[in-house]
2 protein chains.
Amino acid sequence: MSTSPTDPIADLASRLRRGVLMTSRRLRSQRSADLTEGQYSALAQLDAHGPAAPSDLAARECVSAPSMTRTVGCLADAGLVERAPHPTDGRQVVVAITEQGREALYATRRRRDAWLATQLDGLPPDELEALGRAADILRRIATQ
Amino acid sequence: MSTSPTDPIADLASRLRRGVLMTSRRLRSQRSADLTEGQYSALAQLDAHGPAAPSDLAARECVSAPSMTRTVGCLADAGLVERAPHPTDGRQVVVAITEQGREALYATRRRRDAWLATQLDGLPPDELEALGRAADILRRIATQ
DNA sequence: TATTGTTATACTCTATAACTATA
DNA sequence: TATAGTTATAGAGTATAACAATA
């Protein structure tokens with residue numbers, strides 16, 4: 001590495017990067033076979049923030065509009081989202097998650113949580129506490 | 001969620017999953033434009049564990065052999081790895097990272113570390129300590 | 001004229017199946 | 001006959017450019 005080993009922040013950043021990326025890799029491998037990462041993310045957005053236009057989803061997920069058109073199309077074909085016309089603006093479309101979509105989303109989350117819970121089970125209380133604090137800090141960092 | 005909110009392990013797993021996946025997403029977005037995630041992973045393997053056969057890399061990265069052939073081909077075309085014949089087994093190929101490959105790998109790591117260090121900078125000491133402990137625990141969890 | 005969404009087209013990454021060379 | 005690697009081919013996913021409908 002190029003950074004000085006005596007800089008504690010740089011050292012922590014490197015260790016944390018490795019831990020986070022390795023764990024995320026294992027977490028992602030627990031996803032449902034018939035739900036891509038992009039579809040999962042779009043569903044999570046719709047579940048967390050309610051119905052949205054495809055352009056909004058594309059912007060939030062950092063993908064192109066045609067790509068989101070395709071993602072939404074796949075999800076609609078599978079019955080996981082529903083498209084409805086915008087009440088006042090005829091150009092826009094409103095995409096909403098369906099009950100079936102929530103089930104698919106939650107199933108993947110349950111699988112990931114189950115894997116992670118298995119790994120956590122049996123850890124000493126002080127390690128669990130450190131992870132609990134880290135979880136909240138990581139979420140704060142990522143949303144900044 | 002389906003799990004009981006009173007189960008502390010399940011609750012921690014869910015919070016940690018969110019924190020890890022959100023952070024990993026931001027970290028991945030800091031990668032070099034001309035190095036895919038698969039190429040980055042292969043380079044990291046070769047850098048950490050030394051020269052390896054394509055089949056070994058494919059198994060470790062959980063991709064097919066033809067896929068690794070292609071990844072190694074791209075890396076070789078870019079001068080980031082070198083292919084050499086196996087000393088005793090004429091069927092095998094030995095792939096090794098080059099100095100240029102190390103530079104490309106470290107450049108991406110530096111970019112990710114720099115982003116993360118920026119986020120860490122200014123956090124109170126107790127939060128840094130929690131993250132430091134979590135980093136090691138996460139790495140242990142992911143490699144189990 | 002600008003914006004929203006879609007279609008057309010091409011490129012990248014991945015996988016399975018078939019092929020070549022070596023053991 | 002089995003194994004390591006590659007090539008052939010096809011299937012997702014994404015992007016840019018062009019198009020249709022609406023504001």
Side-chain angles (χ1 to χ4, degrees), chain A residues 24-25 28-46 49-78 80-96 104 108, chain B residues 25 28-46 49-78 80-97 104 108:
Chain A
S24 75
R25 214 147 179 243
R28 276 180 227 265
S29 73
Q30 305 296 319
R31 74 172 167 79
S32 164
D34 42 24
L35 201 65
T36 70
E37 197 62 29
Q39 290 168 356
Y40 170 86
S41 280
L43 281 181
Q45 278 289 335
L46 293 172
H49 303 109
S55 56
D56 288 339
L57 288 173
R60 281 190 240 159
E61 297 291 317
C62 298
V63 298
S64 67
S67 182
M68 187 51 73
T69 291
R70 181 187 166 78
T71 297
V72 168
C74 288
L75 289 173
D77 289 346
L80 306 183
V81 302
E82 272 176 353
R83 277 184 277 210
H86 192 278
T88 62
D89 190 337
R91 298 170 302 180
Q92 290 191 44
V93 171
V94 179
V95 183
T108 290
Chain B
R25 212 146 182 246
R28 276 181 228 265
S29 73
Q30 305 296 319
R31 74 171 166 79
S32 165
D34 42 26
L35 201 64
T36 70
E37 197 61 29
Q39 290 168 357
Y40 171 85
S41 280
L43 281 181
Q45 278 289 335
L46 293 172
H49 302 111
S55 56
D56 288 339
L57 289 173
R60 281 190 242 161
E61 298 291 318
C62 297
V63 297
S64 67
S67 183
M68 187 51 72
T69 290
R70 182 187 164 79
T71 297
V72 168
C74 288
L75 290 172
D77 289 346
L80 307 182
V81 302
E82 273 177 352
R83 278 184 274 210
H86 192 278
T88 61
D89 190 337
R91 298 169 303 179
Q92 291 191 45
V93 171
V94 178
V95 183
I97 191 170
T108 290

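Predicted model, so just to flag it, every value in this text is computed and none were measured. Every chain is numbered from 1 and lettered A, B, ... according to where its sequence line falls, protein lines coming before strand lines.
With sequence neighbours excluded, no residue forms a salt bridge (Lys or Arg N to Asp or Glu O under 4.0 Å) with B/Asp56. Residues passing the salt bridge (Lys or Arg N to Asp or Glu O under 4.0 Å) test with A/Arg91, sequence neighbours excluded: A/Asp89. Looking at residues two or more places apart in sequence or on another chain, you find no salt bridge (Lys or Arg N to Asp or Glu O under 4.0 Å) involving A/Glu82. Residues forming a side-chain contact (heavy atoms from CB on, under 4.5 Å) with A/Pro51 (at least two apart in sequence, or on another chain): A/Val94, A/Ala96. Residues that satisfy the salt bridge (Lys or Arg N to Asp or Glu O under 4.0 Å) test with B/Arg83, not counting sequence neighbours, are absent from this structure.
OP1 or OP2 of D/dT6 has at least one side-chain nitrogen or oxygen of B/Arg83 nearer than 4.0 Å.
Residues A/Pro54 and A/Val93 come closest through the heavy atom pair CD-O, 3.3 Å. When every heavy atom of B/Gln39 is checked against every heavy atom of B/Asp34, the shortest pair comes out as OE1-O, 4.1 Å.
Annotation: proximity of residues 49-58 of chain B to DNA chain C (heavy atom, distance under 4.0 Å) is found for no residue. Across residues 66-73 of chain A, A/Pro66, A/Ser67, A/Arg70, A/Thr71 each have a non-hydrogen atom less than 4.0 Å from an atom of DNA chain D (numbered order). Applying a 4.0 Å cut-off to non-hydrogen atoms, none of the residues of residues 37-45 of chain B approaches DNA chain D. Within residues 84-92 of chain B, the residues having any heavy atom under 4.0 Å from DNA chain C are, by residue number, B/Thr88, B/Asp89, B/Gly90, B/Arg91.
Taken from OG1 in B/Thr71 to CD in B/Glu37, the straight-line distance is 12.0 Å, to the nearest 0.5 Å.
A heavy-atom distance below 4.5 Å is not found between the side chains of A/Gln45 and A/Ser41.
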| Run the side chain to side chain contact (heavy atoms under 4.5 Å, CB included) check on A/Leu35 and A/Leu43 step by step: do they pass? | CA-CA 10 Å; A/Leu35 201 65; A/Leu43 281 181; 3.9 Å; yes
| field | Audit row: A/Leu57, A/Leu46, side chain to side chain contact (heavy atoms under 4.5 Å, CB included) steps and yes/no | value | CA-CA 8 Å; A/Leu57 288 173; A/Leu46 293 172; 3.9 Å; yes
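Overall, the helix from C/dT1-D/dA23 to C/dA23-D/dT1 carries an axis bend of 10° between its ends, with five pairs at each end and the value rounded to 10°.
Ranked by how close their nearest DNA chain C nucleotide is to the 5' end, B/Ala65 and B/Cys74 are led by B/Cys74.
Sorted by first then second residue, the salt bridge (charged side-chain N to carboxylate O under 4.0 Å, His left out) pairs that include residues 60-76 of chain A, not counting sequence neighbours, are A/Glu61-B/Arg25.
First and last contacting nucleotides of DNA chain C toward chain A (any atom under 4.0 angstrom from a heavy atom, 5' to 3' order): C/dT3 to C/dT7.
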